Amino acid sequence: MEAKRITMFWTIKKFAIQFLLIFFILSPIFSLPSRKELKEIKVLPRSEIFFTQMENCYVLEIPDVEPGKVQMDLPELPLGTRFISSKKEEFIAADGKRGTQISLWFTFTESAQTRLSPLMTRINGRTYFFEFEPTYVYENPNLISPVIDIVFDEQKNIVTDKKTGQKSLTVKKGEKISFTAQIRYAAQIYDFKWILPKDSIFKETKRFDFAFGNRKITEFTAESQKLASFEWQILKEGEYSLPEVFAETLSYNGAKKRIYTPKDTIIIVKSNENQLPGTSSLKDSEIFESAFQKTGSQDISEKNSERSKEEYAKLAEKETRSILQKLFGKKFAIFAGGTVLSVPEEKITGQNFAGGQKVSITEQAGDWSFIECKEFSGWTKNDNIFEIK
């Protein structure tokens, strides 16, 4: 009987030892988060915005697992993505729970929406796949310059050539084109101007706060800032580039740069013989007359303030062009006052300006010259200018 008791005792003791061994072996598995919990864990970007040519960090946090029990294999990386380094360490969550935190650093060469393949991780010998959160990688603000964008009110009418990428907008002669100039990647604006397009009526209808330079952006944003809205009527058939709008800007890297309207869109102007509803039916001369009407007293006051043409001629004689200006064919003149028009035609009613300004001559056609200065630009008779030699 005693022998039977001893045998039973050792049998129970053996079973207990085996049970304890199995428990201690399997207890780490039992302490893991459930499969459902692990499936919901993602590899998250550490910052809201990723940039090209910079180290960007993703973070994976696995609760209730010691760092020593976690191994990982990097996924196959897309072209332009490079792995830099990784770090595995213990972390303590806000609720006091411990776990493993894995940090991974990558660099990207292209600006685009990026989603890496799942990260394969082994925990206590079992394999799990953790999805990377999709991330948009922006151009490094230290390497990019501000850009002016033109957004038309009728953006849907823009046609893009699939082969060349050239954009075009077709309108009738005299039809109003409304658009807004916007800017991206600029921290601040110092100056904002535009030049009157040829053969056109062109006016600024609204200037927005950012264009006045009163506001500075201190953190990177991909949002465009509105500069000004315009109305444009082209009075001759043909193909036209966008009006020249330019701004003196401060980049995110602190550089100052002048930027111009993009050249990616052309305006195709066709005859208005088959007039579209809502377009202007005025003749060219009538359109100009309505756009440039001025009070008689204003014309008289300008004429009375003019010097004699001989005095303006003497002013031009005293001025000289620099060697570089001569080398690049830059022409300048003293404006003696008179009528400035959008097209070189006498039958068109233009706008009168007093003389005395130094103007640049950008184009000449017969008895006409296209002049530009801060106050105005347009065509005027050669008799109204005295060229600086």
Side-chain angles (χ1 to χ4, degrees), residues 148-161 166-182 193-207 226-246 260-296 298-299 338-353 362-372 375-381:
I148 289 180
D149 295 317
I150 299 297
V151 180
F152 292 90
D153 287 5
E154 297 295 330
Q155 196 72 15
K156 62 183 180 181
N157 294 335
I158 301 291
V159 177
T160 303
D161 189 297
Q166 178 71 59
K167 300 176 184 177
S168 63
L169 174 64
T170 302
V171 298
K172 296 293 185 181
K173 184 171 66 174
E175 180 182 353
K176 281 188 179 180
I177 307 168
S178 300
F179 66 86
T180 299
Q182 302 181 349
K193 295 178 180 177
W194 50 268
I195 294 175
L196 180 69
K198 301 171 188 177
D199 305 327
S200 306
I201 295 173
F202 186 73
K203 63 180 179 179
E204 181 180 321
T205 57
K206 182 179 181 180
R207 184 168 293 206
K226 291 183 178 180
L227 297 175
S229 295
F230 299 92
E231 281 186 356
W232 184 21
Q233 287 174 275
I234 306 174
L235 305 175
K236 284 192 172 184
E237 297 173 42
E239 292 187 1
Y240 295 81
S241 298
L242 293 174
E244 190 165 303
V245 175
F246 57 93
Y260 296 86
T261 316
K263 301 297 182 184
D264 62 345
T265 305
I266 59 170
I267 310 299
I268 302 169
V269 182
K270 294 188 174 181
S271 170
N272 56 4
E273 291 176 0
N274 298 320
Q275 192 81 22
L276 289 177
T279 61
S280 173
S281 61
L282 294 175
K283 295 180 180 178
D284 294 355
S285 57
E286 292 173 335
I287 295 173
F288 272 103
E289 286 170 6
S290 63
F292 293 113
Q293 281 181 349
K294 299 177 67 178
T295 62
Q298 188 175 358
D299 289 338
T339 305
V340 177
L341 308 98
S342 287
V343 292
E345 296 181 12
E346 291 185 351
K347 64 180 181 179
I348 300 302
T349 302
Q351 190 171 6
N352 288 325
F353 290 95
T362 60
E363 190 174 346
Q364 291 181 299
D367 296 332
W368 296 85
S369 293
F370 192 89
I371 59 174
E372 296 178 1
E375 291 79 13
F376 57 84
S377 63
W379 290 95
T380 191
K381 278 296 196 74

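Please read these numbers as outputs of a predicted model, since none were measured by experiment. No hydrogens, no waters, no symmetry mates; every other heavy atom, side chains included, goes into these values.
- Ring pair F202/F230 is parallel by interplanar angle, where below 30° counts as parallel and above 60° as perpendicular.
- Taking both residues in full, the closest heavy atoms of E237 and K173 are given as N-CD, 4.3 Å, listed atom of the first, atom of the second, then distance.
- The side-chain hydrogen bond (donor to acceptor under 3.5 Å, both in side chains) check on K381 picks up E346, with sequence neighbours excluded.
- Taken from CD in Q364 to CZ in F370, the straight-line distance is 12.5 Å, to the nearest 0.5 Å.
- The backbone N or O of L196 sits less than 3.5 Å from a side-chain atom of S377, completing a donor-acceptor pair.
- For the side-chain contact (heavy atoms from CB on, under 4.5 Å) test with L242, the passing option among I266, I150, I177 is I150; the others fail.
- Going from atom CD1 of I195 over to atom CZ of F246 covers 5.0 Å, rounded to the nearest 0.5 Å.
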In sequence, state the C-alpha distance, the side-chain angles, and the governing distance for L235 and I201, and then conclude on side-chain contact (heavy atoms from CB on, under 4.5 Å). CA-CA 8 Å; L235 305 175; I201 295 173; 4.2 Å; yes
Please determine whether side-chain contact (heavy atoms from CB on, under 4.5 Å) holds for the pair D199 and Y240, giving the CA-CA distance in whole Å, both sets of side-chain angles, and the decisive distance to 0.1 Å.
CA-CA 10 Å; D199 305 327; Y240 295 81; 3.8 Å; yes
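- Put simply, CG on L169 and CG on N157 are 6.5 Å apart, with the number rounded to the nearest 0.5 Å.
- No hydrogens or angles considered: a donor-acceptor pair under 3.5 Å links the side chains of S200 and W232.
- When all heavy atoms are compared, the tightest approach of T265 to F152 is CG2-CE1, 4.3 Å.
- To the nearest 0.5 Å, atoms NZ (K176) and CD1 (I234) are separated by 14.0 Å.
- At distances below 3.5 Å, at least one donor-acceptor pair connects side-chain atoms of Q233 with backbone N or O atoms of G174.
- When only modelled atom types and interatomic distance are considered, T205 and E231 share no side-chain donor-acceptor pair under 3.5 Å.
- No more than 12 heavy atoms of other residues, nucleotides or ligands lie within 6.0 Å of NZ in K156, so this atom counts as exposed by the packing criterion.
- We find the OG1-CD distance between T380 and Q351 to be 12.0 Å, quoted to the nearest 0.5 Å.
- In this structure a side-chain-to-backbone donor-acceptor pair under 3.5 Å is present from T261 to V245.
- Using a 4.5 Å heavy-atom cutoff, the side chains of K270 and T170 are in contact.
- Separating the CD atom in E244 from the OG1 atom in T362 is a distance of 9.5 Å, to the nearest 0.5 Å.
- In this structure, S229 and T180 approach most closely via the heavy-atom pair OG-OG1, 3.0 Å.
- Between K172 and S271, the closest heavy-atom pair is CD-O, 3.4 Å.
- At distances below 3.5 Å, at least one donor-acceptor pair connects side-chain atoms of Q166 with backbone N or O atoms of D264.
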